**Q** 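One structure, as structure tokens, below. Some questions next.
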Amino acid sequence: MHPERSGSTVFARYAFNELVSFVAGWAILLDYIILIAVTCYAATQYVRVFWGPLGDSAEALGLALAFIAFVVFANIRGFGGRRARRIGMLVIADLALQGFVVVLGLALFFTPGKLLDPIQLGTAPSWSGLVFALTVAVVAFTSLESAAGVAGEVRISSRALKRVVGTGTTTVLLLYAGIALVAVTALPVHAGHTELATRYLNAPMVGIVARVHPHALAEALKYVVGALGALTLVAAANSAMLGLSRLAYSLSTNRQIPSGLGRLHPQRSTPYVLITLAGLIAAALVVPEDLDFLVGIYAFGALLAFTIAHVSVCRLRYTEPERDRPYRIPLSLRVGGGALPVPAVLGALICAAGWVALMIVHDPARYVGLGWMVGGLTMYVVYRRADESSLLRRVTVSPEILRAEPPAERDYGSVLVPLFGTELDEDIVQTAALLVSGEPTDEAAIDTATIEAVWIFVIPMSLPLDARLPEAQIKEARQALARAKAVGEEYAGVQVATATVRTRRAGYAIVDEARRRGVEAIVLGAEEPSRIRGGARLGGRGGRLETYVGDVTKYVVSKAGCRVIVTAPAADEEARARRAAAVAHGS
């Protein structure tokens with residue numbers, strides 16, 4: 001319905017606001033980092049099948065750090081079509097192997113007594129252990145979050161989308177439930193203990209196939225599982241980093257994290273800064289070599305993000321009831337004039353209850369998870385307040401800002417940008433910044449390009465020119481100028497100077513300020529033309545290009561002593577997304 005990258009954070013943006021969207025995105029960002037640490041460390045436990053010492057503490061840590069370094073390098077380099085196909089073939093092979101193990105294991109090991117007889121709720125397992133296990137189970141469904149992250153890159157029919165969601169969910173349920181049944185019956189619980197929690201804690205699939213008979217088949221499967229398990233886990237770490245890259249791009253372009261964190265590589269166009277930071281944090285998390293610690297924190301982020309996602313789906317049924325939905329959750333009930341999806345309601349309740357329970361029974365999740373969220377929210381508030389942006393409203397920046405390469409040679413050394421508080425203001429400043437930003441040579445460092453951002457107060461003739469202005473107007477001007485400064489100075493070698501001007505006529509003031517300040521060009525947005533049909537005679541559309549601009553723009557274009565660059569007026573929402581510099585005039 002909203003084909004943008006990053007799953008839960010997109011749901012929350014359209015259902016609520018940017019703050020809720022950031023909370024979901026920041027929680028998933030933590031999960032991606034932890035998933036990289038977990039999979040890279042678990043991969044070492046499968047490699048030990050070939051050489052036992054690789055599973056020891058020091059060797060396993062060194063190998064896990066090497067895997068993380070490889071993942072960082074691979075994702076900074078970027079994925080081509082051939083590498084993606086190889087990973088796809090690897091995943092298919094792993095799914096086939098797991099399916100084979102499930103079928104074989106159920107035939108060899110499964111009896112209901114092994115599964116049910118050891119259960120003594122409250123003791124084996126303990127209540128806290130049961131709650132923790134249920135919350136960890138949600139980790140299986142983070143693949144759906146990763147799939148949602150490619151929504152902005154894939155075009156698919158409604159029918160095909162339903163098949164993808166259905167088969168993906170079914171595969172996850174059957175394989176995870178099947179592996180669990182086989183594992184608990186192949187390595188049954190005796191007196192409250194199982195080798196799944198000790199000897200094979202970090203490589204349960206190896207423990208399962210080690211119980212297969214005959215012995216020759218067990219040995220062969222052990223090496224196949226070891227090799228394919230290690231490769232698949234490293235591929236999973238790669239996929240997690242790829243999901244993190246998409247999320248970082250989304251958070252950066254929506255000014256939810258500083259643009260510097262989402263900076264793109266000049267040749268590869270990958271967010272190398274955040275990829276590197278994620279790799280360093282993942283490496284630090286691997287050092288304790290404690291999967292219980294890592295998985296608990298992972299469940300914290302997943303449950304929080306999934307709760308927000310479910311609630312967002314419910315809310316969107318009411319805030320956007322008429323919007324076309326390529327996929328609609330089944331089993332909806334008419335409540336309060338809207339169609340409330342029952343599965344999303346249940347999902348929200350279950351995830352919220354699991355998140356609260358996890359906070360109670362798992363200390364690392366409580367302290368580390370909350371610390372991560374508090375730190376992220378503090379950064380978000382400080383970053384937004386620094387340029388006087390709203391905490392709740394969506395504010396975007398041009399993707400060009402994220403590119404690390406120097407811009408092309410600058411076209412102008414100084415331009416004037418008049419602001420009027422319209423939706424075009426931000427785009428106009430970005431257009432001006434692209435014109436004046438240039439390669440940072442020594443000369444450019446001495447003579448920084450300047451954008452003169454000027455707020456025009458048009459004072460009516462009924463009031464003196466120095467009349468006291470309403471506080472609301474002054475506040476609006478300050479916020480617009482602060483925003484212009486923040487947007488413009490995101491570009492290399494650009495300095496934004498701000499000022500306010502009182503005038504009777506906007507066009508005259510713009511021309512006079514351009515002359516007085518000695519700028520090389522004026523960049524302004526053309527007023528939207530009248531919607532009257534009938535051509536220029538009626539002041540509407542039709543006729544020559546000059547009929548598409550208002551009196552202020554006409555005056556500036558005809559009277560300015562420098563080049564005037566006019567942005568095309570937007571006639572509707574779709575056009576606003578495509579507006580660009582359209583007309584240039586030299587006089």
Side-chain angles (χ1 to χ4, degrees), residues 1-2 6-17 19-31 34 121-122 125-149 162 165-166 168-170 172-174 176-177 180 295-321 325 327-366 369-370 372-373 377:
M1 188 171 70
H2 292 290
S6 306
S8 297
T9 186
V10 176
F11 305 163
R13 168 171 298 120
Y14 288 97
F16 295 100
N17 52 53
L19 181 58
V20 179
S21 171
F22 171 78
V23 170
W26 193 246
I28 289 294
L29 198 66
L30 172 65
D31 276 2
I34 294 176
L121 283 177
S126 64
W127 289 113
S128 62
L130 177 63
V131 169
F132 181 58
L134 291 174
T135 58
V136 168
V138 79
V139 171
F141 294 94
T142 52
S143 56
L144 296 177
E145 171 70 25
S146 298
K162 292 177 182 178
V165 174
T169 305
T170 302
V172 168
L173 283 171
L174 290 181
Y176 275 80
V295 173
I297 305 172
Y298 188 100
F300 171 95
L303 287 166
L304 179 58
F306 288 174
T307 300
I308 294 174
H310 283 102
V311 175
S312 298
V313 169
C314 294
R315 180 172 169 79
L316 284 170
R317 287 290 184 91
Y318 292 87
T319 58
E320 300 182 357
R325 285 169 163 78
Y327 178 83
R328 182 182 290 267
I329 298 174
L331 301 176
S332 296
L333 295 177
R334 299 297 299 182
V335 177
L340 188 65
V342 175
V345 173
L346 294 176
L349 294 175
I350 292 170
C351 289
W355 186 78
V356 172
L358 183 69
M359 297 279 285
I360 295 172
V361 303
H362 200 272
D363 290 343
R366 180 167 62 249
L370 287 178
W372 173 266
M373 295 309 302
L377 284 169

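Because the structure is a prediction, the values reported are computed rather than measured.
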**Q** Go through L29 and F22 one step at a time and tell me if the side chain to side chain contact (heavy atoms under 4.5 Å, CB included) criterion holds.
**A** CA-CA 10 Å; L29 198 66; F22 171 78; over 6 Å; no

**Q** Looking only at heavy atoms, what is the nearest atom pair of R325 and L316, with distance?
**A** NH2-O, 2.8 Å

**Q** For I34 and Y298, which heavy atoms make the closest approach, and how far apart are they?
**A** CD1-N, 3.7 Å

**Q** Taking the inter-plane angle between the rings of F306 and H310 on a 0 to 90° scale, is it parallel (under 30°), tilted (30 to 60°) or perpendicular (over 60°)?
**A** perpendicular

**Q** Show the nearest heavy-atom pair for residues F11 and A309, with the distance to one decimal.
**A** CD1-CB, 3.8 Å

**Q** Let me see the working for T135 and H362 under side chain to side chain contact (heavy atoms under 4.5 Å, CB included), right down to the final yes or no.
**A** CA-CA 11 Å; T135 58; H362 200 272; over 6 Å; no

**Q** For the backbone of W26 and the side chain of W372, can you confirm whether one donor and one acceptor N or O come within less than 3.5 Å of each other?
**A** yes

**Q** Sort and list the pairs that fulfil ring pair (Phe, Tyr, Trp, His ring centres under 6.0 Å) and have at least one residue in residues 328-352, not counting sequence neighbours.
**A** none

**Q** Nearest 0.5 Å, what's the SG-CD1 distance between C314 and I329?
**A** 7.0 Å

**Q** Where do D31 and I297 come nearest, in terms of heavy atoms and distance?
**A** OD1-O, 4.1 Å

**Q** Could you give the distance from CZ (F16) to OG (S21), rounded to the nearest 0.5 Å?
**A** 11.5 Å

**Q** I need the minimum non-hydrogen distance between I360 and R366, along with the two atoms involved.
**A** O-NH1, 3.5 Å

**Q** With a 4.5 Å heavy-atom cut-off, do M359 and F300 have their side chains touching?
**A** yes

**Q** Give a yes or no on whether the backbone of L340 and the side-chain of R317 come within a donor-acceptor separation of less than 3.5 Å.
**A** no

**Q** With distance as the sole test, does N17 use its side chain to make a donor-acceptor pair with the main-chain N or O of V20 at under 3.5 Å?
**A** yes

**Q** Are I308 and S8 close enough that some pair of their side-chain heavy atoms sits under 4.5 Å apart?
**A** no

**Q** Below 4.5 Å, heavy atoms only, C-beta onward: do I28 and T9 meet side chain to side chain?
**A** no

**Q** Tell me whether R315 contacts the main-chain N or O of A15 through its side chain, where contact means a donor paired with an acceptor under 3.5 Å.
**A** yes

**Q** Give a yes or no answer on whether the side chain of T307 reaches the backbone of A352 with a donor-acceptor pair at less than 3.5 Å.
**A** yes

**Q** So which heavy atom on L304 is nearest to which on A27, and how close?
**A** CD2-CB, 4.1 Å

**Q** Please test V356 against L303 for side chain to side chain contact (heavy atoms under 4.5 Å, CB included), starting from the C-alpha separation and ending with a verdict.
**A** CA-CA 9 Å; V356 172; L303 287 166; over 6 Å; no

**Q** Checking L173 now: which residues fulfil side chain to side chain contact (heavy atoms under 4.5 Å, CB included) with it, not counting sequence neighbours?
**A** F141, T169

